[in-house]
Amino acid sequence: MFAMFFWAFVVGGIICVIGQLLFDVAKLTPGHTLSLLVVIGAILDGMGLYEPFTDFAGAGATIPITSFGNSLVHGALQEADQHGIVGVLTGMFEITSSGISAAIIFGFIGALIFKPKG
């Protein structure tokens, strides 16, 4: 049990360190860094490497933004097998819709409460 928590912490921390290095060393903007981490997760899932990664790291691999790319590709491939090219588009949104909806709703609530600048 302790090993599971340890590896989730270490892997999640490494993903965060990679993101921070992209900010500090590569001087990428937050949008570029976010996009790059999503694409890395998508590529790893497309190559079949993300599922063994999540089996090993658990929440350390499923919580960071890389898992969003994994979900996009996983849903697209799963639905493409069943429905063809239309399944590629619908599969992405079918699996990620709850996360996207939560981000929109909580972002709206946060904007109402905290009065953002800009």
Side-chain angles (χ1 to χ4, degrees):
M1 182 79 134
F2 177 75
M4 180 178 62
F5 293 132
F6 174 78
W7 286 115
F9 179 78
V10 168
V11 169
I14 289 171
I15 293 171
C16 291
V17 165
I18 291 169
Q20 192 64 47
L21 288 173
L22 291 171
F23 280 138
D24 295 340
V25 176
K27 303 291 186 202
L28 294 179
T29 65
H32 288 108
T33 302
L34 176 80
S35 299
L36 185 60
L37 290 173
V38 169
V39 168
I40 288 170
I43 291 171
L44 288 175
D45 186 62
M47 295 178 0
L49 299 174
Y50 207 85
E51 190 170 339
F53 185 53
T54 57
D55 291 341
F56 171 73
T62 58
I63 300 297
I65 193 66
T66 52
S67 70
F68 186 72
N70 165 51
S71 297
L72 287 172
V73 171
H74 195 73
L77 292 176
Q78 195 173 34
E79 290 295 314
D81 289 339
Q82 296 175 357
H83 303 290
I85 193 73
V86 174
V88 172
L89 297 174
T90 60
M92 287 189 287
F93 295 118
E94 187 175 314
I95 289 189
T96 60
S97 62
S98 61
I100 294 169
S101 299
I104 291 169
I105 291 167
F106 290 123
F108 179 73
I109 292 170
L112 288 176
I113 293 171
F114 297 108
K115 299 179 186 172
K117 299 174 186 171

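To the nearest 0.5 Å, atoms SG (Cys16) and CG (Leu37) are separated by 9.0 Å. In this structure, the separation between CG on Leu49 and OG1 on Thr54 is 11.0 Å, given to the nearest 0.5 Å. The CD1 atom of Ile109 sits 11.0 Å away from atom CZ of Phe114, with the distance rounded to the nearest 0.5 Å.
Distance alone, capped at 3.5 Å, is enough to place a donor-acceptor pair between the Asp45 side chain and the His74 backbone.
Both Val39 and Ile18 belong to a common hydrophobic cluster when Ile, Leu, Val, Met, Phe, Trp and Tyr are linked at side-chain heavy-atom distances under 4.5 angstrom. If you chain together hydrophobic residues whose side chains sit under 4.5 Å apart, Ile43 and Leu72 fall into the same group. Ile40 and Ile14 fall within the same hydrophobic cluster, where Ile, Leu, Val, Met, Phe, Trp and Tyr residues are linked whenever their side-chain heavy atoms come under 4.5 Å apart, directly or through other members. When hydrophobic clusters are built by joining Ile, Leu, Val, Met, Phe, Trp and Tyr residues whose side-chain heavy atoms come closer than 4.5 Å, directly or via intermediates, Leu34 is grouped together with Ile100. Cluster membership for Met47 and Val38, using ILVMFWY side-chain heavy atoms within less than 4.5 angstrom, is shared.
In this structure, the side chains of Phe53 and Asn70 stay at 4.5 Å or more apart for every pair of heavy atoms.
Side-chain atoms of Ser35 and His32 form no donor-acceptor pair, as typed in the model, at a separation below 3.5 Å. Between the side chains of Tyr50 and Thr66, at least one donor N or O lies within less than 3.5 Å of an accepting N or O.
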For residues 85-99, dump all side-chain donor-acceptor pairs below 3.5 Å to protein atoms at least two apart in sequence or in another chain.
from, atom 1, to, atom 2, distance (Å)
Thr90, OG1, Val86, O, 3.3
Thr90, OG1, Gly87, O, 3.4
Thr96, OG1, Met92, O, 2.6
Ser97, OG, Phe93, O, 3.4
Ser97, OG, Glu94, O, 3.4

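Remark: Phe9 engages no residue in a ring pair (Phe, Tyr, Trp, His ring centres under 6.0 Å) (not counting sequence neighbours).
A pairwise comparison of heavy atoms in Ser67 and Ala61 identifies CB-O, 3.5 Å as the closest pair. Nearest heavy atom pair, residue Leu28 against residue Phe23, reads O-CD2, 3.5 Å. Heavy-atom minimum distance, Thr33 versus Gly19: CG2-O, 3.8 Å. When all heavy atoms are compared, the tightest approach of Ala59 to Ala8 is N-CB, 4.4 Å.
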